[in-house]
Trainee: 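The structure's right below; bear with me while I get my questions together.
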Amino acid sequence: MDLNYGTEMEDFRQEVAQFLDENWPLKGEEKDWPFEKAAAVFRERAIERGYLYRSIPKQYGGSEQPPDVLKGQVIREEFGKRWAPLEARGIGTMMLVPTLLERGTEWQKEKFVRPTITGEITWCQGYSEPGSGSDLASLKTRGELIDGEWMINGQKIWTSGAHLADYMFCLVRTEPDAQKHAGISYLLIDMKQPGIDVRPLRMMTGSADFNEVFLNDVRTPEDWIVGKRGEGWLVSRTTLKYERNSIGAAQQTGASFAGLVKLAKETKIAGRPAIEDETIRERLAVLEGYVKAHQYSGYRQLTKDSKREDAGIINMMMKLFSTEIGHQTAKLSMDLIGDEGLLSAGGAELGQRSSSAQGWIGQYMYSLGIAIAGGTANIQRNVIAERGLGLPRDAAADRSSGK
Amino acid sequence: MDLNYGTEMEDFRQEVAQFLDENWPLKGEEKDWPFEKAAAVFRERAIERGYLYRSIPKQYGGSEQPPDVLKGQVIREEFGKRWAPLEARGIGTMMLVPTLLERGTEWQKEKFVRPTITGEITWCQGYSEPGSGSDLASLKTRGELIDGEWMINGQKIWTSGAHLADYMFCLVRTEPDAQKHAGISYLLIDMKQPGIDVRPLRMMTGSADFNEVFLNDVRTPEDWIVGKRGEGWLVSRTTLKYERNSIGAAQQTGASFAGLVKLAKETKIAGRPAIEDETIRERLAVLEGYVKAHQYSGYRQLTKDSKREDAGIINMMMKLFSTEIGHQTAKLSMDLIGDEGLLSAGGAELGQRSSSAQGWIGQYMYSLGIAIAGGTANIQRNVIAERGLGLPRDAAADRSSGK
Amino acid sequence: MNFDLTEEQQMLQETVGQLLANECPVTRLREVFDSDTGFDEALWKSMAELGILGLNVPEDFGGAGLETLDLAVVAETMGYHAAPGPFLGHALAIEAIVRGGSDAQKQKWLPALASGERVGAVSIADAEGGWASNQWKIESGESISGEQAFATGGHQADLYVVGLAGSRLGVVEAEASGVSRERVDGADLTRRLVALQFNQTPCELLADDPEVARRLHDVGCVLLAADAFGGSARLLEMSVEYAKTREQFGVKIGHFQALKHQLSSMALDVEPGRGLYWYAAYAQDHVKDESERIAAVAKAHITDRYMDVARNAVEAHGGIGFTWECDVQIWFKRAMFDRAFLGHPGEHRRRQAEMAGW
Amino acid sequence: MNFDLTEEQQMLQETVGQLLANECPVTRLREVFDSDTGFDEALWKSMAELGILGLNVPEDFGGAGLETLDLAVVAETMGYHAAPGPFLGHALAIEAIVRGGSDAQKQKWLPALASGERVGAVSIADAEGGWASNQWKIESGESISGEQAFATGGHQADLYVVGLAGSRLGVVEAEASGVSRERVDGADLTRRLVALQFNQTPCELLADDPEVARRLHDVGCVLLAADAFGGSARLLEMSVEYAKTREQFGVKIGHFQALKHQLSSMALDVEPGRGLYWYAAYAQDHVKDESERIAAVAKAHITDRYMDVARNAVEAHGGIGFTWECDVQIWFKRAMFDRAFLGHPGEHRRRQAEMAGW
């Protein structure tokens, strides 16, 4: 175990710092460019230097560096200090790109990876349907191959960013006669075409973070398929793994906990700062135990990943663990805001934090929403039990997978 | 709703008090009788007056009074004040007697009910077997009818009081060819015979509250069967209902909570009485919410019972609810005793309370044991979901019941 | 001893339930929920006709002269149906006037409140925080000035029972000079709140007796507990119903044991609260020694359980439970209201501990 | 950054695990558990031969000169196997002498401790309660008198590191005059405790530096956390194994989703503790600023989880889990020990809050 940055790393840090001094914010006539444009240019330069998209091959726009968790950390720290643009965090970068790199054809990688990671094009995900939440195998949206084009009809739900996205990667039933899982393909679709109807889906917080997408005779070329026909289920599972890791990031729980401590210092209980209340202190301390355990589990996971070793069962539990910490954080925040718990959730978009009471109310509600996105808690518990602990598979799940 | 005792009840209370003044403790030459003998005589007199065994017909030794929850309460209060013997609380009175009254033959009632309720004879219960805890239908102890006698071979477990009992009521597989549930009969067995081997089963607390009973060519007359051959499963379910109610009694949780408050007053945290610690106060208050809810649910249940109406789903949850309160009580007690949590469980027999740290440690361990006796928590949750909420039955349970 | 509702109480509950089922089914409820005022005038009139609005008004003043338990069983039903409108504050305003009003004051206000012609409300949340009567800061007098945070009744209230310094209560007409009210951006759109400002506003003081304020507070706690019980029972029903109809992996999700046990836990959070709120309500009129403390216990315990049940109901409904379109959100926000209004559970548990002499 | 055990540490863990699996399988463990002394001399000797008993003794004095993390990974393995004997107190006594002993003192005691020839122990629980060094009451000096409650090592200990007033530590030989020890009726029979009485007992004081006492306490917290992690991992394994073999209703109980989810929850209580105890151990030697606080966090959090896991393991085993014959009880009682020794979680959480400046 070694948590120190050695001198080599300090040299690297200097190098990154110097690059940033020279390149962000942009200088000269580029100085007044709008943020999006500036960020795109800056990212190109950072990629050239090997600072961003380090795991993506050069030919597709990445910087193709050997894995180095420590360098990654130094980059994030230095970029963070100066508010310099990091990698685009959209669902395209986080979920589609890894999938394409692993499963896509050559032309697909060349066409889609670079503009996705530069943020030039954006994606939305079309997995869930109203009738199939956790049970993707039962999805009903159909695709037929007609005259060298896929013709797609059906409905998707929980599609965040669908109203802005250029493309959708989605699961479609293309082999109606095959067994449930075996009949699904993974298709890419251009969202800017007739037949696509995006309707916002309003959440209990009042904001519309997701959409329903209706697909009516939507077309996409025959070769916009990732993997073979009927392999979509497998292809999508590569991606789900990435989603789990990204949502479960230990950093978020740490930041959220720090916010909670701040809230406890700012609010009062029975006339005294809440942070002085023994009950609150104890609850914070209990919660911090989980937060720390989460944080160091994240360290372990990163180290294992960087060594290309398997961290084991912890990989299956990080998301559920952070969901539960999120529940507890949200619950405690509601006790801290007291009377203001009467208010509505104000201005809390997903991922955005606010120290105001209404922001916490939003978080409180979102702590439920997050438990649901990307596989419910119960499914994750099944996975831990069956794949992690080796308990026998679920009878019902067996049935659906045709065993 | 009326929680007052009216004047009629106050008159009744006077009457009971006067009876007790005259009859307990015994007077004259009876004064020096040993407790057991004195209690037996006293109980007879109390039965004559209609104060004990009020729901049992006179012909079997009860006092056959119309149900009156209020009178029952007054009797318990007045007897309690003077430490006068109440109804014998053995498993015979609580489980066998109701079963016999509902399902027994005339001679069985006449032979067994009276001596059981006077405490002249004692019983143990032979349901569980090592291979079948919650799943009684899978039991293996066999009974064969040979020359007008049942010949019984097998093993029972969790048999409390087996080393003292005169008789056992037990479930035995008598119809080996029948479906699982249908092959079981409910037999009564004389424990004082060769072939019965009682071995104490030591608990994690160190004390032996239960036994294993080995049955080797044990005999019982043909007509010592309650209900018909193969009906034993049904017969035993009458009894299980009684067990649930008796274990779940709200009084116990109330008494236990009071003990906990006392403990919190007597122990110190960081140099101050624990009861002054805000964290402890909050935890006690939370727990008291459950205890009060339990208490008033008990009132409701008793009222419904006395009106012979069905209290509904609450009947299925009282035991689980009290188990969970017991867990919380035990857990809090462990935080109150602090360093003494290093000690062993001392002298805590089932149901016996002690205010010493070691007594609480015993309670802590027993709070686990109680969750298990008479149907595990998970089985109870199934019952609430399926019978209480009307959710579909369990696939596995269906299988075992032959559906 | 008879620990059960009377036949009259059971009938009362059924009648109110029938009214709400007929006149405010969920389709209608959603309209009111999304409306500007959160008020359904027709429903209010029907309640008035049924006599619900004057349940706790003495018969001499046009009401039914019933007790807190009667009020509470109605509140349970309101909670079950998430009935929109100013019922809670109305009932509490009446309670205060009945206990603290002079004969003239009673005559002036109670008949119009009992008939539902005028809507009563309470304003007892100090602007700087605090629901307890010793935290009220507006100086009492025939003319008052100051701010309060969470008054009930939205923009429908005609008169307010206002908490004043010294644990005093006064009645202020909504139309009186110097009253201004501002909408509060509340979560629960079935029970709208406003913030009030008084500027030399005429005020009629009620009796100088702290017991009146205490009673108002305790009955409020009981009614919130009753509402919470009813609401949580409804959420449980909705979740069970969903589990019986929704399919995943080719079977009804109610077949999954994990969900069954979650629903059992919800039931365990709901059902035992019934006796607790009954007793807390009963104690207000019959067990003086315990009334204040048991009201605190019931409010803390049952509203906490409601919130837990609401969270679990969202989870039991899967993703859809988190949407505005799913009815769960309406009750979820009522749970937030019941839990926070009159102070959150932690505060009541502190009082609970103090009153026990711990 | 490399947040993982080194190959040497992994090998150390495997070697110790192998030793315990061979020389103290559960059959043997039960004998020791039920024995009068709770001490297995052969096992102690084997540990000594392996060099485990002097892991934290500097090489100059016959030990391996390793760090707290090395000690902790061994403690994890001991916890996993519920290894009986005085290892914990022995390691802590060494830690104190290494940090606070003069050269002469080190020379006098460390080689014999490192070789296992003598058994070290700690006595730092004040008879009136309190593990923190500012709660120690026995007046320090070359001769000491007074009582202490929970000294480690049972009747095997040869010398005690004793906590004295003023956060001072001293070394007392078990054979010295005026020492009397009385068996404590402890729950955990794998680690026996005694109560000590000193009556003008000769005592060699260690350095007058409160950091020595702090270090002893913090390393103790870390080792208890590591033991708790290992023990809870074992209980999880036992419960999973039981679920895979036990049948009810005609199927292996591991098929029941409710039990699966309970076992998942246990796993969630266990696994994330690994990184936490690693970091807490690592911090003792490398992150001075955080070492005290993170030791408190790890001790409070992981021993609490251990106790939860132990309770759930009993439940997962059904009725049999509650018997003496079932192995679960051995770990259950170790969980009680780990949680209570050096102060229960509430105390450490109070320190955790204070040190954070909350």
Side-chain angles (χ1 to χ4, degrees), chain B residues 1-5 9 69-70 73 261 264-265 275-276 278 280-286 288-304 306-307 309 311-314 316-318 320-321 324 377-378 380-386 388-396, chain C residues 1-6 9 67 69 236-237 239-241 243-244 251-257 259-268 270-283 286-287 294 296-298 300-302 304-305 345-346 348-354 356-358:
Chain B
M1 187 168 293
D2 182 4
L3 302 181
N4 290 319
Y5 298 102
M9 273 310 126
V69 174
L70 186 45
Q73 181 63 22
V261 171
K265 287 179 175 167
I275 193 89
E276 292 176 15
E278 286 168 30
I280 298 298
R281 292 165 79 80
E282 159 104 3
R283 286 173 71 186
L284 283 172
V286 168
E288 195 188 21
Y290 288 97
V291 169
K292 292 279 185 196
H294 194 223
Q295 180 182 344
Y296 300 118
S297 296
Y299 281 22
R300 262 190 74 214
Q301 221 181 3
L302 281 174
T303 299
K304 287 289 189 191
S306 76
K307 293 199 257 179
E309 291 173 11
I313 196 171
I314 194 81
M316 301 169 204
M317 43 174 74
M318 284 297 270
L320 185 56
F321 197 57
E324 294 190 352
N378 278 347
Q380 291 169 47
R381 290 187 192 106
N382 283 349
V383 169
I384 294 169
E386 294 169 9
L389 302 175
L391 288 161
R393 292 208 55 193
D394 214 42
Chain C
M1 185 183 73
N2 175 17
F3 192 77
D4 205 349
L5 300 183
T6 61
Q9 285 161 341
E67 301 190 339
L69 181 55
L236 172 62
E237 275 182 32
S239 303
V240 168
E241 198 46 42
K244 286 179 184 170
V251 292
K252 301 275 184 276
I253 58 173
H255 274 281
F256 292 111
Q257 201 190 19
L259 180 58
K260 277 188 200 175
H261 286 202
Q262 283 160 353
L263 293 169
S264 299
S265 291
M266 285 167 72
L268 222 56
V270 174
E271 186 57 29
R274 190 193 299 271
L276 177 53
Y277 102 71
W278 282 1
Y279 184 77
Y282 174 81
H286 299 282
V287 197
I294 196 71
V297 174
H301 184 75
I302 302 177
D304 243 1
R305 297 291 75 71
H348 291 285
R349 296 205 173 101
R350 256 186 293 282
R351 297 175 52 237
Q352 181 184 340
E354 269 164 37
W358 288 349

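Basis for what follows: all heavy atoms, side chains included, without hydrogens, waters or symmetry-related copies. Naming convention: chains lettered A, B, ... in sequence-line order (proteins, then strands); numbering from 1 in each chain.
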Trainee: Determine the minimum heavy-atom distance between B:G390 and C:K244, stating which atoms define it.
Mentor: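 Where B:G390 meets C:K244 most closely, the heavy atoms are O-CE, 3.1 Å.
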Trainee: From C:Y279 OH over to B:S297 OG, what is the distance, rounded to the nearest 0.5 angstrom?
Mentor: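 Spacing of OH (C:Y279) from OG (B:S297) equals 14.0 Å.
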Trainee: Which pair of heavy atoms, one from B:E282 and one from C:G346, lies closest together, and at what distance?
Mentor: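 Scanning both residues completely, I find the closest heavy atoms to be OE1-CA, 4.2 Å.
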Trainee: What residue among B:Q380, B:E386, B:M317, B:R381 forms side chain to side chain contact (heavy atoms under 4.5 Å, CB included) with C:S264?
Mentor: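 When side chain to side chain contact (heavy atoms under 4.5 Å, CB included) is applied between C:S264 and each of B:Q380, B:E386, B:M317, B:R381, only B:R381 qualifies.
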Trainee: Given side chains that start at C-beta, do those of C:L259 and B:L391 come closer than 4.5 Å, heavy atoms only?
Mentor: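 Side chain of C:L259 against side chain of B:L391, heavy atoms only: no contact under 4.5 Å found.
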Trainee: For C:E237, is it the side chain, the backbone, both or neither that has a heavy atom under 4.5 Å from a heavy atom of chain B?
Mentor: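 Contact with chain B: none, neither part.
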Trainee: Looking at every heavy atom in both C:F3 and B:T303, which two are closest together, and how far apart are they?
Mentor: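 So the two residues come closest at N-OG1, 3.0 Å.
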Trainee: Considering non-hydrogen atoms only, spot the tightest contact between B:E324 and C:L268 and give its length.
Mentor: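 Closest pair (atom of B:E324, atom of C:L268, distance): OE1-CD2, 3.5 Å.
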Trainee: Should C:R349 and B:E278 count as an ion pair when the cut-off is N to O under 4.0 Å?
Mentor: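 Result for this pair is no, no salt bridge flagged.
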Trainee: Answer yes or no: is there a side-chain heavy-atom contact under 4.5 Å between C:R274 and B:R300?
Mentor: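 Answer yes - side chains close enough.
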Trainee: I'd like to check C:N2 versus B:Y299 (side-chain heavy atoms, cut-off strictly below 4.5 Å). Are they in contact?
Mentor: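 Counting from C-beta outward, C:N2 and B:Y299 never come under 4.5 Å.
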Trainee: Show, in sequence, the C-alpha distance, side-chain angles and deciding distance for B:R393 and C:H255, and conclude whether the side chain to side chain contact (heavy atoms under 4.5 Å, CB included) test is met.
Mentor: CA-CA 7 Å; B:R393 292 208 55 193; C:H255 274 281; over 6 Å; no
Trainee: By a 4.5 Å heavy-atom criterion (distance strictly below it), what part of C:L263 contacts chain B: side chain, backbone, both, or neither?
Mentor: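 For C:L263, heavy atoms of backbone and side chain both lie under 4.5 Å from chain B.
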Trainee: Are B:K304 and C:D4 ion-paired here, with the side-chain N under 4.0 Å from a carboxylate O?
Mentor: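 Between C:D4 and B:K304 there is a salt bridge, with a charged N closer than 4.0 Å to a carboxylate O.
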Trainee: Which atoms of C:I302 come close to chain B, meaning under 4.5 Å heavy atom to heavy atom: side chain ones, backbone ones, both, or neither?
Mentor: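 Neither part; nothing is under 4.5 Å.
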Trainee: In terms of heavy-atom pairs under 4.5 Å with chain C, which of B:E288, B:K292, B:Q295 leads?
Mentor: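 The residue among B:E288, B:K292, B:Q295 with the greatest pair count is B:E288.
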Trainee: Between B:L389 and C:V240, what is the shortest heavy-atom contact and its length?
Mentor: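 Shortest heavy-atom separation between B:L389 and C:V240 comes out as O-CG1, 3.5 Å.
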Trainee: Go through the side-chain N and O atoms of B:N382 and C:H261 and say whether any donor and acceptor fall under 3.5 Å apart.
Mentor: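 Side-chain D/A pair, B:N382 to C:H261: present.
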Trainee: Are the side chain of C:K260 and the backbone N or O of B:V383 linked by a donor-acceptor pair below 3.5 Å?
Mentor: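 No; zero donor-acceptor contacts below 3.5 Å.
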Trainee: Are B:Y290 and C:R305 linked by a side-chain donor-acceptor pair shorter than 3.5 Å?
Mentor: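 There is such a pair between these side chains.
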Trainee: What closest approach, in Å, do B:A285 and C:Q352 show between heavy atoms, and which atom pair accounts for it?
Mentor: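 Nearest heavy atoms, B:A285 then C:Q352: O-NE2, 3.0 Å.
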Trainee: Counting heavy-atom pairs under 4.5 Å with chain B, which one of C:G273, C:A298, C:A267 comes out on top?
Mentor: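 Maximum pair count with chain B is reached by C:A267.
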